[in-house]
Peer 1: 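Pasting a structure here, questions to come.
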Amino acid sequence: MPHELSKSYEPGAIETRWADYWIKEKLFSVPTPSEGRADDARPVFTLLLPPPNVTGRLHMGHMFGQTQMDIIVRWHRMRGFTTLWLPGTDHAGIATQMMVERDLAKEGKKRRDLGREKFIERVWEWKKLYGGAILDQMKRLGASVDWDREYFTMDENLSRAVREVFVRLYEEGLIYRGKYIVNWCPRCETAISDLEVKHEEVAGKLWEIRYPVVGSSEFITVATTRPETMLGDTAVAVNEKDERYRHLQGKKVLLPLMGREIPIILDEIAQPEFGTGAVKITPAHDPNDFEAGKRHNLPQIDVMDEHAHMNQNAGRFKGLDRYEARKRVLEDLHEQGFLVGEKEYTLALGKCDRCGTVIEPRLSEQWFLKIQPLADRAIEAVESGEITIVPDNYRQIYLNWMNNIHDWCVSRQLWWGHRIPAWTCINDACNEVIVAREAPARCTKCGGARLEQVPDVLDTWFSSGLLPFTTLGWPKKTRDQAVFYPTTLLITAYEILFFWVARMIMFGCHFMQGHEQDAAIKTASGWGERKNDSVPFRQVYIHALVRDAERQKMSKVKGNVINPLDVIERFGTDATRFTLAAMAAPGTDIAFNESRTEGYRAFANKIWNAARFMFMNVDRIEPGLRPDGGNIRAGTGESPAQLGIRGFQPSTLEDRWILSRFNRVAADVNDALQTYRFHEAANRIYDFFWGEFCDWYLELIKPRLYFEEGADKSSARIACTNLVNLFDGSLRLLHPIMPFISEEIWHAMYGGAPQLRSIALAPYPEFTESQVDIAAEMEMAILQDLIVSIRNLRSELKVDTKVKVPIELFVHEPKIRRMIEQNSSSVGRLANVERITFAEGALANRSAVRSTSRFDVHVVYERKIDVAAECEHLKKELEKIEKEFANNQRQLGNEQFRAKAPAKVVEGLRTRAEELTMLRDKTKRKLEEIGCP
RNA sequence: GGGCGGUUAGCUCAGCUGGUUAGAGCGCCUGCCUUACAAGCAGGAGGUCGCAGGUUCGAGUCCUGCACUGCCCACCA
């Protein structure tokens, strides 16, 4: 049966077909390995997908991350690991709630119009409607996740685990409830954590207001960037050391506009060098003032409501929005002569990460996680190397953050999320708060039956921080945990290092303390020591960010978001993945550039056509021929030597050469992937496949394939076998980066071998030393040099493409001359040469000659060369040689260099010196010969 | 206010632990529809590696300073 590949490469159809096939065949599903099963002998590789927001849409950042994950995952699977990539989605509290609220707004409704229950129902509907989108998109990317284990952070079992964690932490005294200043978003109407506040430098003002000192004609001047908060002032602080205010100790000031007498206190919050040295204290509206207020027992006067509108405590300003109030306060202060200064001032304004609204520090009752004990262990885990962070510089960033961590406000005044498992007794004035796994029937204090669950939900990151173990069945002790925990690796973007990675480490170390991975499980090598199995993962790889072609960070607001599906639509998933891989040098952000993708689509097309070429010949010469590589299975104890190219019978120079080159590439690619140098892996494969396999090898074997009618087919058969096996190996090498085209061609090659389900399960090529042939590589390099030299001369002499020219060749070494003689038909074919005449002496003093240290080659062609152009060329050439030679001699003449540089380098320079001398002399003679001035 | 990264060909980027002649893709120029591929083939032009010092036998690579640029972190009014 002839192999079928359509004439042109159309990625769309191929890619969707294989994506469906992989899922239908459950190719990437990993059943729980049972104890003592043979498979347990295989090492385990586990990767948790950073869960995208359930209602999210795929953007280039996702695709970038997932491409890298998929490459690593497929690579491990092919290398014989039991490979689990665990997918899921996050309920994304604020983000999702906002979307649904926006949707409601179209109907002119607010969430309170519906009420909590109805609203949540609506979110679930929304989730059902849009929730699968991102997963469908992932399928299009070819992400080889285990779809059978897909989770959602609000699944019942995960929710139960969240409650369990909360209750345990509460019982351990690590979760507490209290009234503190938190970051409040007036638009989202909820508290948010420090991490969710983004600071932005803006030009603002610093106003100076004077407060009259009671019982004196003096004033004390304070400075503020938020004058409206003065309505809630309960003191003015000055520094003890500040002589200017020493005499005011114990006195009071009359708060303007409010007519309230407030004390002057001594506190180091006031720094003499800053502003006037006196500072207003508003304990209900500023975290520093809050602390100062506690130190001095000051009342807390909250002058705003949850919308940041002024409340009854703001007197006549009640009802005004905070900025309107600011304006009016300033006007009034000015009128009454209290406003004495206004300066330009740059301030770092905190904004809500989600909606951009300016944050209001607000006094409110919240739940906090006492972080220090957790952080201590999380620091230890990284410092001790139980978790390694790559690239290394993120390690310090992580440690800095962890060392300066504050308690985490985990409660949110939202409706969508895990509701805090706490109940308030509303029986009379009891107010007892009960934290429990399930709703209690009676109050534990007063015995009353009227209990109400706390309305708050938990920060989204609270539940996602638990995923490494909750997705494996925690709190139950499961076989999955014994096998897959700790996960091997985490690949993620820097953005969520603190939000997510840090929390997972804290929670993992805490809740999995004492956990031990089944001793029979071999973990992947290269991921640090197995000292402590409570960590959620052994290594974290932080990848860079994708920017647009102008290096701008992509954001919906800017409208510069590149939709990967558009790119995929035009160039194919494989080409898009290859682009991302080829640009993914660790550490640096990438500017997504479509012209690259276009180039890699051309690469896919090149592979496609090479495959068509192969099939054309196989069908003609040896129909039914299949490669051998797929018949060996990964992880079955085959020695590495057997994982190279199988069934390859090197019978010619080009055979020996390509086999050797292939093994070098395999070595480099494995090496590159081990250290996340995706770009290097991609480039190596690209250069090999196009630059060596297609440009040289395929061209060189054509004479063997195009045998004469009735001639012996045996060398054609060998050529075919080699071709097929090499192609098979190359596809396997390529597969992690370009899974679709490799699968398509691979199946065509193995057509009718049903036991081979997918190239994704075939072994990954490894370096096989016995297949390296240094002599072949050297000889081939000379041959390539010769062919290129002839092509150069032809081009300079403007020889018509179709004309075959005779050449004269002088080779110093007999061995090399013999080698060229043996391969003269290759030279003839690839350089369009009619016949080769070997000269017995050097050919340097002739025009139309190219020289290297190994040979002189002369193209015999009657057309007169362009003397002027040739002169210019030769002069330039000579100049270059002289320059290098001078440099070369300078170094060799240096005694220090000869003494200190490695012998290899010195020797290299000496050899080069000889070459250069020879080339210089030849070039000079040529110049004379032609008669250049 | 701290910390981190970038600056290499017209454009987008490689260049790992310092070592002989700094690479690729795209674009550009020349010639080819050569029976796998014009999404191709062959050849070519194009770079004082941001600036100034330093270390070294030797610096795109290490150190210092500067300039420009981007990012992150930060409860000083």
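Per chain, numbering begins at 1; letters A, B, ... match sequence-line order.
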Peer 1: Picking from B:U21, B:C32, B:A36, which would you name as closest to the side chain of A:Y706?
Peer 2: B:A36
Peer 1: Nearest to the side chain of A:K606 - B:G40, B:C73, B:G44?
Peer 2: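 Taking heavy atoms from C-beta onward, the closest nucleotide is B:G40.
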Peer 1: Rounded to the nearest Å, what distance is computed from the CZ atom of residue A:F592 to the P atom of nucleotide B:C13?
Peer 2: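 Whole-Å distance recorded here is 12 Å.
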Peer 1: For the side chain of A:N605, counting heavy atoms from C-beta on, which of B:G43, B:G31, B:A39 is nearest?
Peer 2: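 My answer, after comparing the listed nucleotides, is B:A39.
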Peer 1: Would you indicate whether the side-chain heavy atoms of A:P227 and A:K280 approach each other to under 4.5 Å?
Peer 2: no
Peer 1: Rounded to whole angstrom, note down the P distance from B:C4 over to B:A77.
Peer 2: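 About 24 Å, rounded to a whole number of Å.
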Peer 1: Could you give the distance separating B:A59 and B:U20 at their P atoms, to the nearest angstrom?
Peer 2: 12 Å
Peer 1: Distances under 3.5 Å only, N/O to N/O: pair up the protein atoms with those of nucleotides 75-77 of chain B.
Peer 2:
unit_1 : atom_1 : unit_2 : atom_2 : d
B:C75  : O2'    : A:N288 : ND2    : 2.7
B:C75  : O2     : A:N288 : OD1    : 2.2
B:C75  : O2     : A:N288 : ND2    : 3.2
B:C76  : O2     : A:Q271 : OE1    : 2.8
B:C76  : O2     : A:Q271 : NE2    : 3.0
B:C76  : N3     : A:Q271 : OE1    : 2.9
B:A77  : OP2    : A:Y345 : OH     : 2.8
B:A77  : O2'    : A:A223 : O      : 2.6
B:A77  : N6     : A:Q271 : O      : 3.0
B:A77  : N6     : A:F274 : O      : 2.5
B:A77  : N1     : A:Q271 : N      : 3.2

Peer 1: Are the aromatic rings of A:F689 and A:F693 close, with centres under 6.0 Å apart?
Peer 2: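 Yes, they do, as the ring centres are separated by less than 6.0 Å.
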Peer 1: Measure up the A:F613 and A:Y706 rings against each other and bin them: parallel (under 30°), tilted (30 to 60°), perpendicular (over 60°).
Peer 2: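 If you compare the ring of A:F613 with that of A:Y706, the planes turn out perpendicular.
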Peer 1: Using a 4.0 Å heavy-atom cut-off across all strands, classify A:Y494 as base, sugar-phosphate, or nothing.
Peer 2: sugar-phosphate
Peer 1: Ring centroid separation for A:Y180 and A:F368, is it under 6.0 angstrom?
Peer 2: yes
Peer 1: With a cut-off of less than 4.0 Å, is there a side-chain N or O of A:K900 near OP1 or OP2 of B:G19?
Peer 2: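 For B:G19, neither OP1 nor OP2 has a side-chain N or O of A:K900 closer than 4.0 Å.
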Peer 1: Starting from the 5' end of RNA chain B, give me the residue, A:E200 or A:A610, whose nearest nucleotide shows up first.
Peer 2: A:A610
Peer 1: Counting heavy atoms from C-beta on, name the nucleotide in B:U12, B:C4, B:U21 closest to the side chain of A:N393.
Peer 2: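 Of the candidates, B:C4 comes closest.
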Peer 1: Determine the Euclidean distance between corresponding P atoms of B:A36 and B:A42; express it in Å to zero decimal places.
Peer 2: 15 Å
Peer 1: Would you call A:R912 and A:E884 a salt bridge, using N to O less than 4.0 angstrom?
Peer 2: yes
Peer 1: Please pick, from B:U20, B:A36, B:C57, the nucleotide with the shortest atom-to-atom distance to any side-chain atom of A:R912.
Peer 2: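 Closest of the options to the side chain of A:R912: B:U20.
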Peer 1: Classify A:N887 by what it touches in the nucleic acid, base, sugar-phosphate, or nothing, heavy-atom distance under 4.0 Å.
Peer 2: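 If one applies the 4.0 Å heavy-atom cut-off, A:N887 turns out to touch the sugar-phosphate alone, with no base involved.
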Peer 1: Looking only at side-chain atoms of A:R601, point me to the closest of B:A39, B:C37, B:C41.
Peer 2: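 In terms of side-chain proximity for A:R601, the closest of B:A39, B:C37, B:C41 is B:A39.
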Peer 1: Heavy atoms under 4.0 Å, any strand shown: does A:W690 hit a base, just sugar-phosphate, or nothing?
Peer 2: sugar-phosphate
Peer 1: Quick one: label A:K198 by what it contacts on the DNA or RNA (base, sugar-phosphate, nothing), any heavy atom closer than 4.0 Å.
Peer 2: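 Sugar-phosphate, no base atom in range.
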Peer 1: Starting at the 5' end of RNA chain B and moving along, which residue's nearest nucleotide shows up first, A:E10 or A:P902?
Peer 2: A:P902
Peer 1: What is the separation between atom CD on A:Q889 and atom P on B:U21, rounded to the nearest whole Å?
Peer 2: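 Between P of B:U21 and CD of A:Q889: 12 Å.
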Peer 1: Is there a side-chain contact between A:D671 and A:R677, using heavy atoms and a 4.5 Å cut-off?
Peer 2: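 Of all side-chain heavy-atom pairs linking A:R677 with A:D671, at least one is under 4.5 Å.
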Peer 1: Using whole Å, what does the distance between atom P of nucleotide B:C26 and atom CE of A:M583 come to?
Peer 2: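 Going from A:M583 (CE) to B:C26 (P), I get 14 Å.
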Peer 1: From the list B:G19, B:C72, B:G43, which nucleotide is the closest neighbour of the side chain of A:S795?
Peer 2: B:G43
Peer 1: Please tell me if A:H679 has a side-chain N or O lying less than 4.0 Å from either OP1 or OP2 of B:A24.
Peer 2: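 Negative; the distance criterion is not met.
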Peer 1: Counting the atoms with a prime plus P, OP1 and OP2 as sugar-phosphate, which does A:E907 contact under 4.0 Å by heavy atoms, base, sugar-phosphate, or nothing?
Peer 2: nothing
Peer 1: When the distance from CG of A:L878 to P of B:U21 is rounded to whole Å, what number comes out?
Peer 2: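 It works out to 17 Å between those atoms.
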Peer 1: Are A:Y600 and A:F571 close enough that their ring centres sit under 6.0 Å apart?
Peer 2: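 No, they do not, as the ring centres are separated by 6.0 Å or more.
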Peer 1: Using the C1' atom as the reference point in each nucleotide, state the distance between B:G46 and B:C29 in Å, no decimals.
Peer 2: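 After rounding to an integer number of Å, I get 11 Å for this pair.
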Peer 1: Tell me the interatomic distance from A:N400, atom CG, to B:C72, atom C1', rounded to whole angstroms.
Peer 2: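 Taking atom C1' of B:C72 as the reference, CG of A:N400 is at 12 Å.
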Peer 1: For the residue pair A:L909 and A:K904, establish whether any side-chain heavy-atom pair is separated by less than 4.5 Å.
Peer 2: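 In short, these two side chains do not touch, never coming nearer than 4.5 Å.
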Peer 1: Just wondering, do A:L545 and A:Y494 contact through their side chains at under 4.5 Å, heavy atoms?
Peer 2: no
Peer 1: Give A:G599 one of three labels, base, sugar-phosphate or nothing, depending on what nucleic acid heavy atoms sit under 4.0 Å from its own.
Peer 2: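 Nothing: the residue A:G599, judged by heavy atoms under 4.0 Å, touches no strand.
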Peer 1: Expressed as a whole number of Å, how far does the C1' atom of B:A9 sit from that of B:G50?
Peer 2: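 Pairwise C1' distance, B:A9 against B:G50, rounds to 15 Å.
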Peer 1: Nearest to the A:A602 side chain among B:C73, B:A39, B:G43, which nucleotide is it?
Peer 2: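 Comparing B:C73, B:A39, B:G43 against the side chain of A:A602, the answer is B:A39.
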Peer 1: Starting at atom CD1 of A:I745, determine the distance to atom C1' of B:C37, rounded to an integer number of angstrom.
Peer 2: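 The distance from CD1 of A:I745 to C1' of B:C37 comes to 12 Å, rounded to the nearest Å.
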Peer 1: Which part of the nucleic acid does A:N888 contact within heavy-atom distance under 4.0 Å: base, sugar-phosphate only, or nothing?
Peer 2: nothing
Peer 1: So, do A:F592 and A:V567 sit near enough that their side-chain heavy atoms are less than 4.5 Å apart?
Peer 2: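 SC-SC contact between A:F592 and A:V567 confirmed.
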Peer 1: Quick one: stems involving RNA chain B, counted as three or more successive Watson-Crick or G-U pairs, both distances short of 3.5 Å.
Peer 2: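 In RNA chain B, stems of three or more pairs: B:1-7 with B:67-73, B:10-13 with B:23-26, B:28-32 with B:40-44, B:50-54 with B:62-66.
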Peer 1: Pick out which of A:T224, A:V238, A:I269, A:D286 makes a side chain to side chain contact (heavy atoms under 4.5 Å, CB included) with A:V279.
Peer 2: A:I269
Peer 1: Among the candidates B:G19, B:A36, B:U56, find the nucleotide nearest to the side-chain atoms of A:R612.
Peer 2: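 Nearest listed nucleotide: B:A36.
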Peer 1: How far, in whole Å, is B:U8 from B:U55 if one measures between their P atoms?
Peer 2: 27 Å
Peer 1: B:A36 P sits how many Å from A:I701 CD1, rounded?
Peer 2: 12 Å
Peer 1: Quick one: does A:R910's side chain get under 4.5 Å of A:R898's, heavy atoms only?
Peer 2: yes
Peer 1: Between B:U21, B:A36, B:C33, which nucleotide gets closest to the side-chain atoms of A:F613?
Peer 2: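 Given the options B:U21, B:A36, B:C33, the side chain of A:F613 is closest to B:A36.
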Peer 1: What distance, rounded to whole Å, do you find between the two C1' atoms, one in B:C11 and one in B:C51?
Peer 2: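 About 23 Å, rounded to a whole number of Å.
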Peer 1: Do A:D785 and A:R854 sit within salt-bridge range, that is, some charged N less than 4.0 Å from a carboxylate O?
Peer 2: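 Here A:D785 does not pair with A:R854 in a salt bridge, since their nearest N and O are not under 4.0 Å apart.
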Peer 1: Could you tell me how far B:C71 sits from B:C32 if I compare only their P atoms? Round to whole Å.
Peer 2: 50 Å
Peer 1: Return the value, rounded to whole Å, for the distance between atom CE of A:M614 and atom C1' of B:A36.
Peer 2: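 Taking atom C1' of B:A36 as the reference, CE of A:M614 is at 11 Å.
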Peer 1: Under 4.0 Å, counting only non-hydrogen atoms across every strand here, what does A:K802 touch: a base, just sugar-phosphate, or nothing?
Peer 2: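 The answer is sugar-phosphate, as A:K802 gets under 4.0 Å only of primed atoms, P, OP1 or OP2.
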